[in-house]
Amino acid sequence: MTVYSIGLLQGYLPNGVDNAQGYRERFFDDLELNNYYIFFDAPIRKYIYYYESLGIPHNKMISPYHYFTKRGHVSLNDSKDEILDRMKQTIRYDEIQIEDDYITLYYKNKRILVIMLDDHNKDYVERVLYYKDECLIRTEYYLGGLFYAEMYETRKNNDGSLYAKKIKRTYYMIDGRVAFEVMDINGKTYNCFPDGRKMSDYELLNEYFKALKFSEKDILIVDRPGNQMFAQALFENKNDSKLLCVLHSEHYFEVNQDPQTALYLNYEYYYWYKCSKYIDKFIVSTQEQKECLIKNLEENQSFIPDVAVIPVGYKLHIEEQDKARKDNTLITVSRLDGRKRLDLIIKSVVKAHIQNTKIKLDIYGKGTEQYTLFLHNLVNELNASDFINFKGHVNVNDLYVDYPAYITASMWETFGLTLLEACSSGCAFIGLDVRYGNRLFIEDEKNGYLIKYDYVHDENYDDYITDEMSKKILRLFEDKERLHRFNLHSYEISKRFTYDEVLKLWKSLICDL
């Protein structure tokens, strides 16, 4: 039996799905499963190292591009010394300059080649850039040998400045032979093979899934809905394997529930609804979402597969801490995103600070430049920079325990890994009474406060919410004994999500397939 997790994503900010895949790897390792993680795109080192930091070994990462170049799995051992020696023997140069991050070869005072070193290991090479008359003409990318190269033509901008226009990408076999070339032909992208075959991206993906020869013994776990092209290729080639689709996001939106998403059915899951008869099992993180999902499938007259409830995260150890926590200080940890409504948190803290000047807020996380600037400007406009601090994106696992309380104004959370981390660190909570994670980790008046929230509201509703939230902040810090009871009850709630408890659920699911 082989378990395939589909797929690893590149080019986006760190998110909960990535962490969930890392969490799951530990379960599969302990269950001694033969499992792999599939990149849809040609993986680059930055993201390989990122997923490794989450617990996924790079030798379990595969992709269509590794299959077609006869590589098997991701490899990172491209020796700086070996590649430099080879370049010295093949490139005409008269000067070499060695820096910490790169090595440059010159000929007659002109740069002709630059070896860019791996950011994580300076003994390895990431890519090699070739120049002619100081213009970039070729870039080679290394992943267990020369993986692919991009060729460029020098073009002029309207202002007369020069730029390098990519004209094609060539993938190479492990032995150095050409595997295939990616080119634009009449406005369409094709993968062109030496034997004359031309494949669209869909055909390439379809051929890859077909080559994996999924059988009744295999399990396919899809973490990201992806586009219709990917889903169609997977459905066509799943054969008798078991297809499990994990809903990491909300599947159905109420009016105003998400500022970035259309109403009702989440477009990401449209194809899953449409083709639900091909899905063996949906996996969600909470019982509440299971009930909502079944109801929505019924309303859409879609086939209803079995729905399993398995928390997306866990805590390896839960140990009550007696250490002193920061007085009157709140923590919030999230992607800086409009759905998280950090603006409501900031305004609420500012209102509470008027009556209790000891109250502080620390914000951890990063987001788009535009939204981050909006939040910084808001803090400055409210003259709150002395007591509201932006801490950036750091590893906060050991920091939650320093804070007495966690605050969230997120419009929804399918589970909430940061909520789990805060809960297992004994933080009290303030949050909106919205599905699903808040209701899972926050028990009103027992370990914090849930604030009633209605998605259908008028333009003054934000003022009402910040008033209510500021009242809860003040109440939270006015009674230290009650706050301590809240802290202790959070520890109790988090014991439902220990590693052993979640491992039992995964073991049961796999044995039942």
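Basis for what follows: all heavy atoms, side chains included, without hydrogens, waters or symmetry-related copies. All values derive from a computational prediction rather than experimental measurement.
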Keeping the roles fixed (side chain from [X], backbone from [Y]), state whether a donor-acceptor pair exists under 3.5 Å.
X	Y	answer
Gln10	Ile44	yes
Ser490	Cys427	yes
Asn19	Asn15	yes
Ser385	Asn380	no
Ser424	Leu420	yes
Ser508	Leu505	no
Thr418	Ser334	no
Asn34	Thr2	no

Inspect the contact between [Y] and [X] and indicate whether a charged nitrogen and a carboxylate oxygen are less than 4.0 angstrom apart.
X	Y	answer
Arg439	Glu288	yes
Lys347	Asp462	no
Glu421	Lys315	yes
Glu478	Lys358	no
Asp306	Lys281	yes
Lys60	Glu25	yes
Asp343	Arg341	yes
Glu126	Arg45	no
Lys507	Asp30	no

| remark: Result for ring-ring contact (aromatic ring centres under 6.0 Å, His included) between Phe441 and one of Phe429, Phe497, Tyr491 points to Phe497
Side chains of [X] and [Y]: do they bring a donor and an acceptor to under 3.5 Å?
X	Y	answer
Gln289	Glu291	no
Gln21	Asp223	yes
Tyr12	Asp18	no

| Side-chain heavy atoms of Ser470 within contact of His353, under 4.5 Å | no
| task | Determine whether Ile473 and Leu330 make a side-chain contact, defined as any pair of heavy atoms from C-beta on separated by less than 4.5 Å. | result | yes
Distance in Å, [X] [atom1] paired with [Y] [atom2], rounded so as to fall on 0.5 Å steps:
X	Y	atom1	atom2	result
Arg24	Trp506	CZ	CH2	5.0 Å
Tyr371	His376	OH	NE2	11.5 Å
Asp280	Leu220	CG	CG	9.0 Å

| Trace of the side-chain contact (heavy atoms from CB on, under 4.5 Å) decision for Leu440 with Phe415 | CA-CA 8 Å; Leu440 191 67; Phe415 181 74; 3.6 Å; yes
| said: Against the six-membered ring of Tyr499, is Arg26 placed for a cation-pi contact (under 6.0 Å from the centre, within 45° of the normal)? | reply: yes
| query | Taking the six-membered ring of Tyr449 as reference, does the NZ or CZ atom of Lys472 fall below 6.0 Å from its centre and within a 45° cone about the axis? | reply | yes
| message | Using every non-hydrogen atom in the two residues, find where Ile359 and Ala352 come nearest and quote the distance to one decimal. | response | CD1-CB, 3.8 Å
| task | Looking only at non-hydrogen atoms, find the nearest pair between Thr466 and Ser348 and report the distance. | result | CA-OG, 3.3 Å
Using a 6.0 Å cut-off, check whether atom [atom1] of [X] has over 12 heavy atoms from anything other than its own residue.
X	atom1	answer
Gln370	CD	no
His484	NE2	no
Asn397	CG	yes
Lys295	NZ	no
Phe390	CZ	yes
Lys122	NZ	yes

| request: Test Ser302 against Asn300 for side-chain hydrogen bond (donor to acceptor under 3.5 Å, both in side chains), laying out the working first. | output: CA-CA 5 Å; Ser302 300; Asn300 281 271; 5.4 Å; no
| Are Asp362 and Tyr403 close enough, and set up right, to give a side-chain hydrogen bond (donor to acceptor under 3.5 Å, both in side chains), and what steps lead you there? | CA-CA 9 Å; Asp362 287 344; Tyr403 295 86; 2.6 Å; yes
| request: Please lay out, stage by stage, how Phe28 and Ile221 fare under the test side-chain contact (heavy atoms from CB on, under 4.5 Å). | output: CA-CA 12 Å; Phe28 289 174; Ile221 302 179; 3.6 Å; yes
| Centroid-centroid under 6.0 Å between Tyr142 and Tyr124 rings | no
| Centroid-centroid distance, Phe147 to His66, less than 6.0 Å | yes
| request: Show your working on side-chain hydrogen bond (donor to acceptor under 3.5 Å, both in side chains) between Asp500 and Thr498 and close with a plain yes or no. | output: CA-CA 5 Å; Asp500 290 340; Thr498 62; 5.6 Å; no
| field | Whether Tyr314 and Tyr23 hold their rings parallel, tilted or perpendicular, with breakpoints at 30° and 60° | value | perpendicular
| task | List the steps and the verdict of side-chain hydrogen bond (donor to acceptor under 3.5 Å, both in side chains) for Asn35 and Tyr4. | result | CA-CA 6 Å; Asn35 68 303; Tyr4 296 92; over 6 Å; no
